[in-house]
Number of protein chains: 2
Amino acid sequence: MDRRPTILDVAARAGVSKSTVSLVLKNSPQIKAETAARVRRAMQEVGYVYNRAAANLRSSSTGLIGLVINDLRNPFFTEFAASFQMALFARGYATVISNSGEDAAMQAAIIHSMIEHGVSALAISPAYGDVTSTFDQLARANVPTVQVLRQVSSRTDKFPFSSFDFVDGGGQAARHLIASGARRIAFVGGLEGRQITAERMSGYLSEMQRIGTEPIVLYGQPSRNAGAELAQQIMREHPQVDAAICFNDLVALGMMNALEREGQRVGEDFRLVGFDDLEESAQSLPPLSSVSCDITSFGEKTASSLLDWLTKGVVPPATHRQSVRLVTRASSGGRGV
Amino acid sequence: MDRRPTILDVAARAGVSKSTVSLVLKNSPQIKAETAARVRRAMQEVGYVYNRAAANLRSSSTGLIGLVINDLRNPFFTEFAASFQMALFARGYATVISNSGEDAAMQAAIIHSMIEHGVSALAISPAYGDVTSTFDQLARANVPTVQVLRQVSSRTDKFPFSSFDFVDGGGQAARHLIASGARRIAFVGGLEGRQITAERMSGYLSEMQRIGTEPIVLYGQPSRNAGAELAQQIMREHPQVDAAICFNDLVALGMMNALEREGQRVGEDFRLVGFDDLEESAQSLPPLSSVSCDITSFGEKTASSLLDWLTKGVVPPATHRQSVRLVTRASSGGRGV
DNA sequence: CTGAAAGCGCTTACAG
DNA sequence: CTGAAAGCGCTTACAG
């Protein structure tokens, strides 16, 4: 009673061979409905649980998809993880999620373990660091793997990369602020040297060049508190600035808070645009304009292109950029918008 | 070259039997160092990857620990997930994390799938709903399972429950506010009817009864925006209130923001205490007093008690409450604190 | 429509 | 210190 019942136990109970039980498990049309019903009843009676590991061993495909995430504490990534998993689940695949915590060594260990556990495919939102041996391992093991949101391996032929078109988003934001009458626009927040910071900033830089204005850039952590501090710094050191494109909404919300406390009317005296369009950004006071990255649909698309690769051999394009869309709200326009 | 090399390939390459290879894999001291080295070299050469599923099939223990989380979008739970996983990883166990998204049916499907995949043990921060059949399944499959943070099954003998001593935390917060000179204290935020709301409120209610004051309770979503709205409502409808214990820090931060915008000085005119002690709470303006729940250590303890159960048969106590500690900052005292 | 046999890649006693 | 054999719980052709 301690060991788990197997198909042999079920077969004995139902008075058939184990082959028949196996066929019933796969809903084979070969089995007479009556026999199938009897077998199913026997499964109930003995408390049978399918042993997927054993099945996989023979058929050598686990239906397990791995997801390695660089920071499970960041809502942007967890939203991705949640929608990715949901999409796979709906198509009958189980997802194992693991968090590397921005640690390349941890990431290597996780991936190693996932390969051992026989994942059929892998999506990685990678930690920065030396990852060549990690990706070599993946190549050897022949596990279809995509890089999302961050590109750390340049071998996009083997490890296709997909992300958002942040460059375009930054351009949209800059043009919108200029059109709304902003005179001096700063780019605020984001860690220096990170690719994603460069991308989000790039569209802003082009627009500043186009209108012949010197850009003003203040780097910082992508957090609410950093945003508040940077706002103070701008009011002190750059009083001429009357608008900002923020690395993300958290920074923008922190800035908004600090500006309003100092009596600045956000949307009139100072215009603000963020990135990510978090749920709460629509509800801030004033509501925050933001470059919306539909991370939910991104997660779903990543899931289906990975499955197409796995099941139909359709290799995803080496690089894919999902388009983004600026959502304008009161923080960048008149208060009543 | 397409199929993964097995120990037989390694054995052939190294000129030994597959048993020897297996022993090398387990670092058996029986194998001569020289032979082991030769075998290891052969593994490198053929690109061998351990097949854990096959190993598990024979030894019937996967070393896979499942974690089912009710809401991967909530930082409190993701912090738990991250520390739980780290702790297990450090002890050589792989964790598979899955998100039920507060959906009991999804949760049932996830747990079913995890059992099939042969998890050795399970931790569940459960979704509310009808879970009897889900837990029956677990009982039948004989998988050691703990409930954390939310108790949905009353069979704590089979499914031990552990959480924080929120009741005590609420009491600490209330006594502190009374001692600081607050005259009228409200309890703000948290969904009505949820056990965790009741727990966090309970200590407050006792203290109000003790000092003979009618409690004032305003329910709401556990979010920043809800906090801001509830603050407005309090200023309008309960002008006599000069302090609040909030369901969590998000609510408190939202309240703080709304209060300050209306010119109230938080910490002087209005005293505020939250729950959870988020990282950013120490850095808000003013810094937020909060009941600190050390979720990191909670995750680690959960991991090790689960492993003790799995490996040594030490069943955790039916109910465990980790103690919490009020951290007082300027939001509940003088501004200069 | 159902059964007998081989095999997936390991581990585990048991010999030697 | 190393090898030959059986077995973990399934699936997969192949018979019948």
Side-chain angles (χ1 to χ4, degrees), chain A residues 2-40 42-43 46-64 113 115-120 141-143, chain B residues 2-40 42-43 46-64 113 115-120 141-143:
Chain A
D2 216 329
R3 90 182 206 302
R4 255 157 80 152
T6 75
I7 53 169
L8 277 175
D9 301 304
V10 175
R13 181 86 182 198
V16 298
S17 81
K18 65 175 177 158
S19 311
T20 304
V21 176
S22 178
L23 291 171
V24 170
L25 281 173
K26 321 194 64 185
N27 287 313
S28 164
Q30 304 176 33
I31 303 291
K32 218 188 336 182
E34 190 193 331
T35 313
R38 187 148 43 91
V39 170
R40 275 186 240 281
M43 288 183 189
V46 302
Y48 174 73
V49 190
Y50 188 64
N51 183 331
R52 203 167 279 275
N56 295 337
L57 184 53
R58 186 66 173 99
S59 62
S60 70
S61 149
T62 61
L64 250 194
S113 153
I115 294 174
E116 284 191 357
H117 280 286
V119 292
S120 302
N142 228 342
V143 177
Chain B
D2 215 331
R3 88 181 207 304
R4 256 156 79 153
T6 75
I7 52 170
L8 277 174
D9 301 304
V10 176
R13 181 87 183 197
V16 299
S17 81
K18 63 176 179 158
S19 311
T20 305
V21 177
S22 177
L23 290 170
V24 171
L25 281 173
K26 322 193 63 183
N27 287 314
S28 165
Q30 303 177 36
I31 304 290
K32 220 191 328 187
E34 189 193 330
T35 313
R38 188 148 41 91
V39 170
R40 274 186 241 282
M43 287 183 191
V46 301
Y48 175 73
V49 190
Y50 188 62
N51 183 332
R52 204 169 277 275
N56 294 335
L57 185 54
R58 185 67 174 100
S59 62
S60 71
S61 148
T62 60
L64 250 195
S113 153
I115 295 174
E116 285 190 358
H117 280 287
V119 293
S120 300
N142 230 342
V143 177

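Keep in mind that this is a model prediction, so the values were computed, not measured. A, B, ... follow the sequence lines: proteins, then strands. Residue 1 opens every chain.
Listed here is the closest heavy atom pair of A:Gly47 and A:Pro5: O-CG, 3.6 Å. When every heavy atom of B:Ser120 is checked against every heavy atom of B:Gly63, the shortest pair comes out as OG-N, 3.2 Å. Residue B:Tyr50 comes nearest to B:Ala55 through the heavy atom pair OH-CB, 3.2 Å, listed as atom of the first residue, atom of the second, then distance.
Atom NE2 of A:His117 sits about 7.0 Å away from atom CG of B:Asn56, to the nearest 0.5 Å. Of the inter-residue distances, the one linking A:Lys18 atom NZ with A:Thr6 atom OG1 reads 8.5 Å to the nearest 0.5 angstrom. Expressed to the nearest 0.5 Å, how far CG of B:Leu8 lies from CZ of B:Arg13 amounts to 15.0 Å. Considering CG of B:Asn51 and CG of B:Leu25, their distance stands at 11.0 Å, rounded to 0.5 Å. The structure places CZ of B:Arg52 at 12.0 Å from CD1 of A:Ile115, a figure rounded to the nearest 0.5 Å.
Separating the CD1 atom of B:Ile7 from the C1' atom of D:dA4 is a distance of 13 Å, rounded to the nearest angstrom. A straight line from NE2 of A:His117 to C1' of C:dG9 spans 15 Å, rounded to a whole angstrom. Note: CE (A:Met43) to P (D:dG9) measures 15 Å, nearest angstrom. One interatomic measurement links the two molecules: CD of A:Glu116 to P of C:dC10, which rounds to 10 Å at whole-angstrom precision. Atom CZ in A:Arg58 sits roughly 6 Å away from atom C1' in C:dC8 (whole-Å rounding). Computed from coordinates, the A:Asn51 CG to C:dG9 P distance equals 17 Å when rounded to whole Å. Taking atom CG of residue A:Asn56 and atom C1' of nucleotide C:dG9, one finds them 13 Å apart after rounding to whole Å.
For DNA chain C, the neighbouring residues in residues 14-25 of chain B, judged by any heavy atom under 4.0 Å, are B:Lys18, B:Ser19, B:Ser22. Near-neighbour residues of DNA chain C inside residues 27-35 of chain B, defined by a heavy atom below 4.0 Å, are absent.
Of the two residues contacting DNA chain D, namely A:Ala53 and B:Arg38, the nearest-nucleotide position lying further toward the 5' end is that of B:Arg38.
When base pairs are accepted only as Watson-Crick or G-U wobble with both N-N or N-O distances under 3.5 Å, DNA chain C takes part in stems of 3 or more pairs at C:1-3 with D:14-16, C:5-12 with D:5-12, C:14-16 with D:1-3.
Within the 4.5 Å cutoff, the side chain of B:Val24 has heavy atoms near those of the B:Met43 side chain.
Of the candidates B:Ile31, B:Asp9, B:Val10, B:Val21 forms a side-chain contact (heavy atoms from CB on, under 4.5 Å) with just one, namely B:Val10.
The listed nucleotides are D:dC10, C:dC10, D:dT11; the one nearest the side chain of A:Lys26 is D:dT11.
A donor-acceptor pair under 3.5 Å is formed between the side chain of A:Arg38 and the backbone N or O of A:Ala14.
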